[in-house]
Amino acid sequence: MLDPHLLRTDPEQVRDALRLRGFELELDALQKLESRRKAIQVETEGLQAERNARSKNIGKAKAAGEDVEPLLKEVASLGDKLKSSEDELGKIQKELNVILHAVPNIPHVSVPAGKTEDDNKEVRRWGEPAAFEFEAKDHVDLGEALGLIDFETGAKIASSRFVVLKAGIALLHRALIQFMLNVHTQEHGYTEVNVPYVVNADSCFGTSQLPKFEEDLFHIKEHGFYLIPTAEVPVTNMFRDEIVAAEDLPLKLVCHSPCFRSEAGSYGKDTRGMIRQHQFEKVEMVQLVPAGQSYQAIEELTAHAENILKKLELPYRTVILCGGDIGFASALTYDIEVWLPGQGKYREISSCSNFEDFQARRMKARWRNPETNKPELLHTLNGSGLAVGRTLIAIMENYQTKDGDICVPEALLPYTAGLELIKKA
RNA sequence: GGAGAGGUGGCAGAGCGGUUGAAUGCACUGGUCUUGAAAACCAGCAAGGAUGAAAGUCCUUCGAGGGUUCGAAUCCCUCCCUCUCCGCCA
């Protein structure tokens, strides 16, 4: 959520900034509602003040043993007026909130203009895509030939976009998780957390999956829970309604979790293979930092994600998302895209975002600034470090042999219990 | 699932219809004292919001949401959460 104060004092500037992402702020409607809110709030608070004063007098008179009947008569008419004024104010504030909660974050000055992912700007590239002496297969052909990736059984026990991994591939998948967690905790200074994989509506509101993106979530209606679409939701919400001590900052947490996404609206997109699943695993980095530090933190966090790819020797490029492609809550997002020989393309494997205080304002996640001794909103950041399923794909496609076997990358050898080459069983 | 107890400021913990936004303690901030620190003493110290140039004034908030009342932290209803005992169980 944007600072309502900024929206009141500088609406044109906000509107212009949001146009970069193709969002048109309805200034007229907003300002009309806002001026009504102002008038009615002033009126309501005046009536409340009057009621409070009169009630206090009644209390005093009673204590002094005076007759309070005349005072009660005086106040009788106040009740209805106050009630209707309060109701009206509540209604307007609700309307105002509906609008406010649907306004996306203001993009950072470094965000390039553009409408689609084609307009994202490459900021760096690492590694050389390998030149194969044979025709490189994609992970589906490789996995099915090995008999270790089974889409049909996934579809049978759940539905399409679910998969069963077996033997060496399942082991490689597990090894990746251990490897990533160890690198982030031992080399990058993150604290590992293990969290609930279902969350309540308040948590979804805090990180802004709700109210706007409900259709992307799996919802367990009878309990009011949502399956998490990313560990960002439970981990960031650990600090909802909290005031963090300055000495505990920056908070750097890493969490492995499954992620569940309905993928509503992506019918027909990436239907082949494991690229887009209803359930996948991810290692997620989350940081909460004081306001002045978030732009340094986003560079570091992105480098932490890139470091995993470097250790796995997977070629990648990093792009900065353009105004039209950046997420609702983010002020700045770097996507890291890994080279997939099977597709001959770079594909997203990590998304690292600085939300500034947008999520923190919704969540009331604050820290106490020792300089002022007052609570201030934190800045929140997160990034995949990395998407495990897509990393698995990248390894399969980049480390395939002529015979269709998969070499285990050197960095993973300590995690694979002696397995060096994944072959047909 | 059954029975009981409880949810109050950064933390602990009083209050159980009327000048209570809330005693007290701890923590924190400033001051006195000290060569410096500690201790002691004095003072300050919730958050969010409206209005205003500012000082200030006012409103809201005692788990959440309804209700009773001139007035609710305090009474009533619903829900959520925590703890204790019993049952079941990875």
Side-chain angles (χ1 to χ4, degrees), chain A residues 1-10 30-31 33-97 99-101 194-206 210 220-226 234 237-249 251 288 290 357-378:
Chain A
M1 192 162 83
L2 294 179
D3 183 0
H5 199 252
L6 179 69
L7 218 44
R8 277 202 290 269
T9 53
D10 217 346
L30 191 67
Q31 283 172 331
L33 213 52
E34 174 54 28
S35 68
R36 270 177 70 209
R37 189 229 93 222
K38 197 167 184 167
I40 287 165
Q41 181 160 347
V42 168
E43 180 192 316
T44 305
E45 291 186 356
L47 289 169
Q48 285 171 330
E50 192 179 338
R51 178 208 56 200
N52 291 347
R54 286 174 187 268
S55 293
K56 234 171 215 177
N57 284 336
I58 292 171
K60 267 193 237 175
K62 227 178 184 175
E66 293 167 21
D67 180 19
V68 296
E69 270 310 310
L71 292 173
L72 285 178
K73 270 187 192 143
E74 270 179 52
V75 88
S77 64
L78 241 174
D80 289 344
K81 244 175 27 192
L82 178 59
K83 177 123 182 41
S84 72
S85 188
E86 278 175 342
D87 289 349
E88 179 70 6
L89 180 62
K91 225 178 79 194
I92 291 174
Q93 272 168 342
K94 231 180 205 162
E95 280 179 55
L96 218 42
N97 279 341
I99 297 178
L100 247 41
H101 293 162
N194 186 291
V195 298
Y197 302 146
V198 296
V199 291
N200 57 35
D202 285 344
S203 294
C204 293
F205 176 79
L210 289 181
I220 307 173
K221 289 197 180 63
E222 61 269 53
H223 299 287
F225 292 139
Y226 295 86
N237 273 282
M238 284 168 65
F239 303 95
R240 172 154 52 85
D241 293 317
E242 297 289 330
I243 300 174
V244 181
E247 59 264 31
D248 294 331
L249 295 176
L251 287 160
L288 291 94
D357 62 13
F358 190 87
Q359 294 181 325
R361 183 170 293 107
R362 291 174 159 236
M363 285 195 299
K364 297 189 192 68
R366 296 167 294 176
W367 69 295
R368 197 173 290 279
N369 185 340
E371 281 175 29
T372 57
N373 212 26
K374 292 283 173 199
E376 292 176 16
L377 291 173
L378 286 159

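Lettering follows sequence order; numbering is per chain, from 1.
Using N1 to N3 plus N6-O4 or O6-N4 for Watson-Crick, or N1-O2 and O6-N3 for G-U wobble, each under 3.5 Å, A40(B) pairs with U32(B). With a cut-off of 3.5 Å on both Watson-Crick or G-U wobble distances, the partner of A22(B) is given as none. The pairing partner recorded for A73(B) is none, the criterion being a Watson-Crick or G-U wobble arrangement whose two distances lie under 3.5 angstrom. Across all strands shown, A5(B) forms a Watson-Crick or G-U wobble pair with U82(B), both key distances being under 3.5 Å. The pairing partner recorded for U51(B) is G56(B), the criterion being a Watson-Crick or G-U wobble arrangement whose two distances lie under 3.5 angstrom.
Look at Lys374(A) and you'll find a side-chain N or O under 4.0 angstrom from OP1 or OP2 of A47(B). Side-chain N/O atoms of Arg366(A) include one lying less than 4.0 angstrom from OP1 or OP2 on G48(B). An OP1 or OP2 oxygen of U69(B) is reached within less than 4.0 angstrom by no side-chain nitrogen or oxygen of Arg54(A). The side chain of Lys38(A) contributes an N or O atom lying less than 4.0 Å from OP1 or OP2 of U51(B).
A donor-acceptor pair under 3.5 Å is formed between the side chain of Arg362(A) and the backbone N or O of His101(A). Listed for the Arg368(A) side chain is a donor-acceptor partner under 3.5 Å among the backbone atoms of Asn373(A). Formation of a donor-acceptor pair under 3.5 Å by the Thr9(A) side chain with backbone atoms of His5(A) is found in this model.
Remark: the Asp87(A) side chain and the Ser84(A) side chain contain no N/O donor-acceptor pair separated by less than 3.5 Å.
Ile40(A) places its CD1 atom 13 Å from the P atom of U51(B), with the value rounded to the nearest Å. Between the C1' atom of C59(B) and the CZ atom of Arg37(A) lies a distance of 12 Å, rounded to the nearest Å. Rounded to an integer number of Å, the gap from Leu82(A) CG to G71(B) C1' is 12 Å. As a whole-Å value, the separation of Gln48(A) CD from G49(B) C1' is 12 Å. Rounded to an integer number of Å, the gap from NZ of Lys56(A) to C1' of U69(B) is 17 Å. The distance between atom CD of Glu45(A) and atom P of G49(B), rounded to the nearest whole Å, is 12 Å. When rounded to the nearest whole Å, the span between CG of Leu78(A) and C1' of U69(B) equals 14 Å. Between the C1' atom of A72(B) and the CG atom of Asn52(A) lies a distance of 12 Å, rounded to the nearest Å.
In this structure, Arg36(A) pairs ionically with Glu88(A), as a charged nitrogen and a carboxylate oxygen lie closer than 4.0 Å.
Of the P atoms belonging to C77(B) and A40(B), the separation is 48 Å, rounded to the nearest Å. G66(B) and U60(B) are spaced 15 Å apart, taking the P atom of each and rounding to whole Å. To the nearest whole angstrom, the two C1' atoms, one in A23(B) and one in A12(B), are 14 Å apart. When the C1' atom is used for both G6(B) and G63(B), the distance is 11 Å, rounded to whole Å. Nucleotides G10(B) and G18(B), compared at atom C1', are 30 Å apart to the nearest Å. Nucleotides C70(B) and U57(B) are separated by 24 Å at their C1' atoms, to the nearest Å. Between the C1' atoms of A72(B) and G65(B), the separation comes to 15 Å (whole Å). Nucleotides G49(B) and A54(B) are separated by 15 Å at their P atoms, to the nearest Å.
Using a 4.0 Å heavy-atom cutoff across all strands shown, Pro375(A) reaches sugar-phosphate atoms only and no base atom.
Both Lys62(A) and Ile243(A) lie close to RNA chain B; mapped to their nearest nucleotides by heavy-atom distance, the more 5′-ward contact belongs to Ile243(A). Nearest-nucleotide assignment on RNA chain B puts the 5′-proximal partner with Lys364(A), out of Lys364(A) and Glu34(A).
When the nucleotides C59(B), G10(B), G18(B) are ranked by their closest atom to the side chain of Arg368(A), G10(B) comes out on top. Of the candidate nucleotides U51(B), G49(B), G18(B), G49(B) has the atom lying nearest to any side-chain atom of Gln41(A).
In this structure Tyr226(A) satisfies the ring-ring contact (aromatic ring centres under 6.0 Å, His included) test together with His219(A), sequence neighbours excluded.
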Audit row: Ser203(A), Asn200(A), side-chain hydrogen bond (donor to acceptor under 3.5 Å, both in side chains) steps and yes/no: CA-CA 6 Å; Ser203(A) 294; Asn200(A) 57 35; 3.2 Å; yes
